[in-house]
Amino acid sequence: MDGGAYLVGMNAVLGDEPTGAGFPRPPLAPGWLLVPFVHYLGIDIGYKVWSSVASVLPAIPIYLLARRIGSSSTPRGFTPSPRFAPAAFAVGFLLLDLLHAEMIVTGALPLIAFALLAMVWWAMGELADEWSPTAAGVLAVCLGLIPWVNQTTAGLALVTIPVYGAALVWFKARDNDHLLSIIPRLAVPLAAGGIIALCALPWYMDVMPGTGLLNYPGPFMYLSPWNDSSWVQVALAWPLGLYIIWRAEQPWLRAFGVLILLLSALAPWLSTDETVINIFYRSRYLLAIPFYIAITWCVFVRWFPSYPPWGKTLSMALTVSAIAIMGTGYWWQFNNQTKYSDMVTHETEQALEIARASGDGKAIINNSFTLALWISAINKVESPHTWTWEPPSHWTQTDKDVRCVLGWRPECDISESVQELNAGWVLIENRFPYYNLRAPGVYGAVNVPEPWASLPTTPWLDLVYSKGTTDLYRISQ
């Protein structure tokens, strides 16, 4: 789904992005990270391989974090390598998580930044125990890279790192550790990473809350409805987080309990400002990392040692059953998400080729913000589009011009709007906006529930291609 935005960002770092589509992205978002994959493998295969690589990166920090649970936590005889068992358990369940399957399809970039943020947490735990040049370097570099990779995770880092750090220091102090030695060990690499991170600030000025680029009309903050899946996460995460704080002995793990409470508390909130809602919404996905670390501790520290002799067999059976259930759910989630996220079909590619072959360089009006980014990335032309609700103030006039060209504003001047948009084409993907039962409609549409039904009879739109669910019109005005 987000692949169009990623390709626009890649074009931008290569100096080949004339459209200004979307919003400013740092040069590693994914920018240069995607360049070698597309250069050597092409857009389709290259993007898929890049997504696959990005999707497994969170396994690195969760492996390291799970190993910190310690060899003494694993029952004798469970595996030849007692530290490997909890690490493999945590990694396996993270990579089978339903939300992980969703992110591979919708856009894997945050997973890279999640891996960096989790490495920061790991390094902070290491440094709280003792000074380590390796951990200090990891902390500074990973923290510094986060804002260069993903803007949403940068916001989550601003929220989680201070809270995790404060909790870590608090629990260490309760263990009578000397704060005068702990705080400098954390503060110096955090400051170094912060300086690197601040250098990415120019890419954030236009997407700050309230700038008009990403904030929609409506309440700034509100809660998700009670039937939203985020409340299930809250119901599962809060008891677990409180239990970890209560029963865990290691300060870094107790601080993870605080992280679980924090991220699950953010999860149900929404906002009409996309910058803010992304922090709330992505906390649902980031929660998986501390959640599975906590579950691993529960299994290998609290449950296994107290099992009777037959408990090992039962636990293995339960684990295999859980893997089978989650694996099936992963497959289902992945395939269902692709139905919603398949922005550019083979027919869409053919339609774009027709417009590109004309060589007129005219904008292609379309009916999806996400599709618009793919069009800009592939054809390198502007791609004004319809909205699913009233757009941010920055896009108000463009939206009016788009609806004018579509014939939804009979009082408007068609020629003026066409000229203002520099439009030559209208590309409609008929799956949108009603690709599922919960999908919103089209803002300002006059033909509901079939907003595109009138286009074939609109005098200034000439149908030049129609196949599958894709229609391409040339604007004759």
Side-chain angles (χ1 to χ4, degrees), residues 1-2 5 58 94 97-111 113-114 117 150-160 163 207-210 213-242 257-292 294-295 326 329-330 332-334 336-341 368-370 387-392 432-443:
M1 181 177 285
D2 288 340
L94 176 73
D97 188 84
L98 295 182
L99 294 181
H100 183 270
E102 181 181 322
M103 290 191 72
I104 296 178
V105 179
T106 59
L109 181 66
L111 291 171
F114 284 3
L117 180 53
N150 182 239
Q151 290 158 314
T152 298
T153 309
L156 284 166
L158 284 174
V159 175
T160 60
V163 171
V207 295
M208 293 290 185
L213 189 66
L214 296 174
N215 54 300
Y216 296 81
F220 182 71
M221 286 178 56
Y222 58 99
L223 282 169
S224 300
W226 290 103
N227 60 353
D228 189 82
S229 62
S230 61
W231 292 107
V232 177
Q233 290 183 288
V234 172
L236 293 173
W238 266 75
L240 179 63
L242 292 172
V258 175
L259 270 183
I260 291 172
L261 298 183
L262 172 65
L263 291 171
S264 58
L266 292 174
W269 288 93
L270 300 172
S271 172
T272 53
D273 192 306
E274 192 168 339
T275 300
V276 177
I277 193 177
N278 278 340
I279 295 174
F280 292 143
Y281 192 71
R282 288 304 183 192
S283 66
R284 306 179 183 193
Y285 301 79
L286 182 60
L287 175 61
I289 294 177
F291 183 87
Y292 286 118
I295 289 292
M326 291 184 69
Y330 193 98
W332 179 88
Q333 178 80 340
F334 184 93
N336 276 273
Q337 192 63 46
T338 56
K339 297 176 183 178
Y340 310 144
S341 302
S368 167
F369 171 73
T370 309
W387 297 80
T388 52
W389 51 75
E390 186 177 350
F432 308 137
Y434 303 112
Y435 51 83
N436 66 24
L437 295 177
R438 299 196 319 175
V442 181
Y443 174 72

**OP:** Output the distance between atom CZ (Arg282) and atom CG (Leu266), rounded to the nearest 0.5 Å.
**Re:** 14.5 Å

Original post:
Which heavy-atom pair separates Phe334 from Ala101 by the least distance, and what is that distance?
Top reply: CD1-O, 4.0 Å

Original post:
Is there side-chain contact between Arg284 and Ser229, with heavy atoms separated by less than 4.5 Å?
Top reply: yes

Original post:
How far apart are the closest heavy atoms of Ile279 and Gly155, and which atoms are they?
Top reply: CD1-CA, 3.9 Å

**OP:** Examine distances only and state if a side-chain atom of Trp387 and a backbone atom of Phe369 form a donor-acceptor pair shorter than 3.5 Å.
**Re:** no

Subject >> side-chain contact (heavy atoms from CB on, under 4.5 Å) partners of Leu242, counting only residues at least two apart >> reply: Trp238, Leu261

Subject >> Spatial distance of atom OG1 (Thr338) from atom CD1 (Ile104) [nearest 0.5 Å] >> reply: 12.0 Å

Subject >> Side chain proximity check, Leu156 to Ser283, heavy atoms < 4.5 angstrom >> reply: yes

Subject >> Thr153 and Tyr285: CA distance, side-chain angles, deciding distance, side chain to side chain contact (heavy atoms under 4.5 Å, CB included) verdict >> reply: CA-CA 11 Å; Thr153 309; Tyr285 301 79; over 6 Å; no

**OP:** Locate the shortest heavy-atom distance separating Met103 from Pro110; write the atom from each residue and the value.
**Re:** CE-CB, 3.3 Å

Original post:
Got a second to check how far Leu270's CG is from Asp228's CG, nearest 0.5 Å?
Top reply: 7.0 Å

**OP:** Apply side chain to side chain contact (heavy atoms under 4.5 Å, CB included) to the pair Met221 and Phe280, showing each step before the final yes or no.
**Re:** CA-CA 10 Å; Met221 286 178 56; Phe280 292 143; 3.7 Å; yes

Subject >> Check: Gln337 main-chain N/O paired with Glu102 side-chain donor or acceptor under 3.5 Å >> reply: no

**OP:** Could you check Asp2 against Leu109 for side chain to side chain contact (heavy atoms under 4.5 Å, CB included), going step by step and ending with a plain yes or no?
**Re:** CA-CA 9 Å; Asp2 288 340; Leu109 181 66; over 6 Å; no

Original post:
Heavy-atom distance under 4.5 Å between the side chains of Tyr281 and Thr152, does that happen here?
Top reply: no

Original post:
Short question: side chain of Thr272, backbone of Asn215 - any donor-acceptor pair under 3.5 Å?
Top reply: no

Subject >> With sequence neighbours excluded, residues passing side-chain contact (heavy atoms from CB on, under 4.5 Å) with Phe220 >> reply: Ser271, Asp273, Val276

Original post:
Can you name the closest pair of heavy atoms from Tyr292 and Asp97 and give their distance?
Top reply: OH-OD1, 2.7 Å

**OP:** Could you grab the distance from atom CD of Gln333 to atom CG of Leu99, nearest 0.5 Å is fine?
**Re:** 7.0 Å

Original post:
Can you list the residues that meet the ring pair (Phe, Tyr, Trp, His ring centres under 6.0 Å) rule with Trp332, with sequence neighbours excluded?
Top reply: none

Subject >> Least distance between heavy atoms, Val207 atom then Thr275 atom >> reply: O-OG1, 2.5 Å

Original post:
After noting the C-alpha distance and the side-chain angles of Thr388 and Tyr216, does the key distance pass the side chain to side chain contact (heavy atoms under 4.5 Å, CB included) rule?
Top reply: CA-CA 11 Å; Thr388 52; Tyr216 296 81; over 6 Å; no

Subject >> Check: His100 and Leu111 side chains under 4.5 Å, non-hydrogen atoms >> reply: yes

Original post:
Which pair of non-hydrogen atoms, one from Ile260 and one from Leu287, has the smallest distance, and what is that distance?
Top reply: O-CD1, 3.9 Å

